[in-house]
There are 2 protein chains.
Amino acid sequence: MFSIGQIARRTGVKVPTIRYYEQMGLIEAPERSQGNQRRYSKAELEQLGFIKHARDLGLSIDAIRDLLRLNAHPEMPCAEADRIASEHLANIRERIERLQRLESELSRIVKSCNAGTVKDCYVIRALSDHSLCRDEH
Amino acid sequence: MFSIGQIARRTGVKVPTIRYYEQMGLIEAPERSQGNQRRYSKAELEQLGFIKHARDLGLSIDAIRDLLRLNAHPEMPCAEADRIASEHLANIRERIERLQRLESELSRIVKSCNAGTVKDCYVIRALSDHSLCRDEH
DNA sequence: GTAATCTCTCTAGCGGCTATAGCTTCAAGG
DNA sequence: CCTTGAAGCTATAGCCGCTAGAGAGATTAC
Ligand SMILES: [Zn+2]
Ligand SMILES: [Zn+2]
Ligand SMILES: [Zn+2]
Ligand SMILES: [Zn+2]
C-alpha cells in the first residue's frame with residue numbers, strides 16, 4: 001500500500017494532480033486509511049504511470065479516460081484505441097503545421113528589422129499590416 | 001464612429017473578446033453613446049487590427065500590451081519590440097521541437113499496432129511503458 | 001410606433017492543473 | 001507514551017484567453 005506522496009514520487013505526478021485525476025474520473029477513489037488518507041495498490045500505481053505517459057504524449061483527459069476503459073477489457077478489439085491515437089497524431093501534425101507557418105512568418109519579420117526607432121520597426125509594421133505577410137495564419 | 005459590432009465584423013475579433021481586451025487593458029475604454037454603448041474611432045479600429053494580427057501570430061496578451069505601449073512612442077528605439085518578437089519566435093521553435101518529438105513517437109506507435117485485441121495492442125502497451133519509447137518527451 | 005437587432009453588465013465555464021488556508025493524521029525519535 | 005514535523009485532508013480560488021448565457025436596455029429600419 002502506498003500513500004499519495006509515494007505514488008507521486010514514483011510516477012512524477014504531483015499530489016494535487018493525482019487528486020484532480022480522481023475527481024475527473026481517471027482513477028477510482030482508492031481505499032482509505034483509518035484516518036481517511038488515500039492508500040493505493042500497485043495496480044493503481046501502474047495505472048497512474050499509464051496516465052502520466054499518456055499526458056506526456058499530449059493526450060487529453062477525455063482520451064485517456066476512454067483508453068483506460070478499453071484497457072480494462074483486454075479481449076475487445078483495439079480499433080478504438082488505435083483511432084484515438086491516430087486522431088491525436090493528426091491533431092499534433094496540424095499544430096506542427098500551424099506553428100511552422102508562424103515560425104516562417106516570424107523569422108522573416110524578426111530578420112527584416114534593422115533595429116532603428118519604433119516608427120521604422122519592421123516588427124511593428126508587420127503586426128499592423130497582415131498584407132505584408134507571405135501566407136495565412 | 002463605429003459600434004462594437006461593426007469593429008468586430010471589420011477586424012474579425014468577436015464582440016465579447018473586444019470587451020475582454022478592454023478589461024485586460026489592451027485597449028482604452030472608448031467613448032460611449034448617450035445610451036452607454038461603446039463608440040470607436042478609426043484609430044481604435046486599427047489598433048484592434050494590430051491586436052488581432054498579433055494574436056494570430058501567437059503573441060500573448062502581455063506581450064501585445066508591451067508592444068502597444070512601444071507603438072505609442074515612435075521615437076524610442078525598437079530593440080524591445082524586436083526582443084519580444086524574438087523571444088516569441090524562440091518559444092514557437094521550442095514548441096515545434098517538442099511536438100515533432102511527440103509526432104515521431106506517436107507515428108511509430110500507431111504504425112506498430114496490427115489491430116488485434118486490446119490485450120495485444122501496441123498503442124496500449126506503449127502507453128503503459130515509456131521504456132518502449134525512442135526518446136524523451 | 002413597433003419589431004428586430006444590438007449592446008449592456010454580470011456571472012460562470014472551458015482544460016489541466018497549481019496554490020493557498022486551516023485543519024487532521026502519520027511516523028519517527030526520545 | 002508523547003512530542004514534533006512532515007504529510008495528508010477538504011474546499012476554494014486562480015491561471016490564460018476566451019466563450020456562453022441571463023436579463024436588461026439601446027438603437028435602427030420600416
Ligand atoms: Zn525593430
Ligand atoms: Zn499576417
Ligand atoms: Zn491496437
Ligand atoms: Zn514515452
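In what follows, every chain begins at residue 1, and chains take the letters A, B, ... in the order their sequences are listed. Side chains are part of it too, since the values below use all heavy atoms of this structure and drop only hydrogens, waters and symmetry mates. The model shown is predicted, which means the values in this text are computed figures rather than measured ones.
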Letter by letter from the 5' end, nucleotides 7-12 of chain D scores (B base, S sugar-phosphate only, - none; protein heavy atoms under 4.0 Å) -SSB--
Among pairs that include at least one residue of residues 108-128 of chain A, which meet salt bridge (Lys or Arg N to Asp or Glu O under 4.0 Å), considering only residues two or more places apart or in two chains?
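Listed once each, the pairs are A:Glu105-A:Arg108.
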Return the set of residues passing salt bridge (charged side-chain N to carboxylate O under 4.0 Å, His left out) with [X] (not counting sequence neighbours), or none when no residue passes.
X	answer
B:Arg83	B:Glu80, B:Glu87
A:Glu44	none
A:Asp56	A:Lys52
A:Asp66	A:Arg69

Self-check item: Shortest non-hydrogen contact between A:Leu26 and A:Gln47, atoms and distance
Solution: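 Closest approach of A:Leu26 to A:Gln47: O-NE2, 4.3 Å.
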May I have the distance from [X] (atom [atom1]) to [N] (atom [atom2]), rounded to whole angstrom?
X	N	atom1	atom2	answer
A:Ile27	C:dG16	CD1	P	15 Å
B:Tyr20	C:dC10	OH	C1'	16 Å
B:Ile7	C:dT7	CD1	C1'	13 Å
A:Met24	C:dG16	CE	P	10 Å
B:Lys14	D:dA20	NZ	C1'	11 Å

**Request:** Could you name each residue pair satisfying ring-ring contact (aromatic ring centres under 6.0 Å, His included) that touches residues 80-119 of chain B, not counting sequence neighbours?
**Result:**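 Qualifying pairs: none.
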Using the ring-ring contact (aromatic ring centres under 6.0 Å, His included) rule, collect all pairs that involve residues 14-65 of chain A, keeping only residues at least two apart or in two chains.
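Sorted pair list: A:His53-B:His130, A:His53-B:His137.
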List in chain and number order the residues that pass side-chain contact (heavy atoms from CB on, under 4.5 Å) with A:Glu46, two or more places apart in sequence or in another chain; answer none if no residue qualifies.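 Applying side-chain contact (heavy atoms from CB on, under 4.5 Å) to A:Glu46 gives A:Lys42.
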(Q) Looking at C:dC26, I'd like to know if its phosphate oxygens (OP1 or OP2) sit under 4.0 Å from a side-chain N or O belonging to A:Ser33. (A) yes
*asked:* Can you see if the side chain of B:Tyr21 gets near the phosphate of D:dG17 - specifically, an N or O under 4.0 Å from OP1 or OP2?
replied: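 Answer is no, no contact under 4.0 Å.
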- Task: Would you kindly say whether A:Ser131 and A:Asp129 are connected by a side-chain donor-acceptor distance under 3.5 Å?
- Result: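 Yes, side-chain donor-acceptor contact under 3.5 Å.
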Expected list for residues 47-68 of chain A near DNA chain D, using heavy atoms below 4.0 Å, is none
Mind checking the CG-CG spacing from A:Leu127 to B:Leu67? Nearest 0.5 Å is all I need.
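A:Leu127 atom CG to B:Leu67 atom CG measures 6.0 Å (nearest 0.5 Å).
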Contiguous pairing runs of three or more, Watson-Crick or G-U under 3.5 Å, that involve DNA chain D: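 Ordered by first number, the stems with DNA chain D (at least 3 consecutive pairs each) read C:1-30 with D:1-30.
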query: More than 12 heavy atoms of other residues, nucleotides or ligands under 6.0 Å from CZ of B:Arg93: is that the case?
result: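 Yes, CZ of B:Arg93 has more than 12 neighbouring heavy atoms, counting only those of other groups under 6.0 Å.
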- prompt: Between A:Arg38 and A:Glu22, is the closest basic N to carboxylate O distance under 4.0 Å?
  reply: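 Salt bridge between A:Glu22 and A:Arg38, a charged N being under 4.0 Å from a carboxylate O: yes.
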Contact check, residues 82-98 of chain A vs DNA chain C, heavy-atom distance under 4.0 Å, returns none
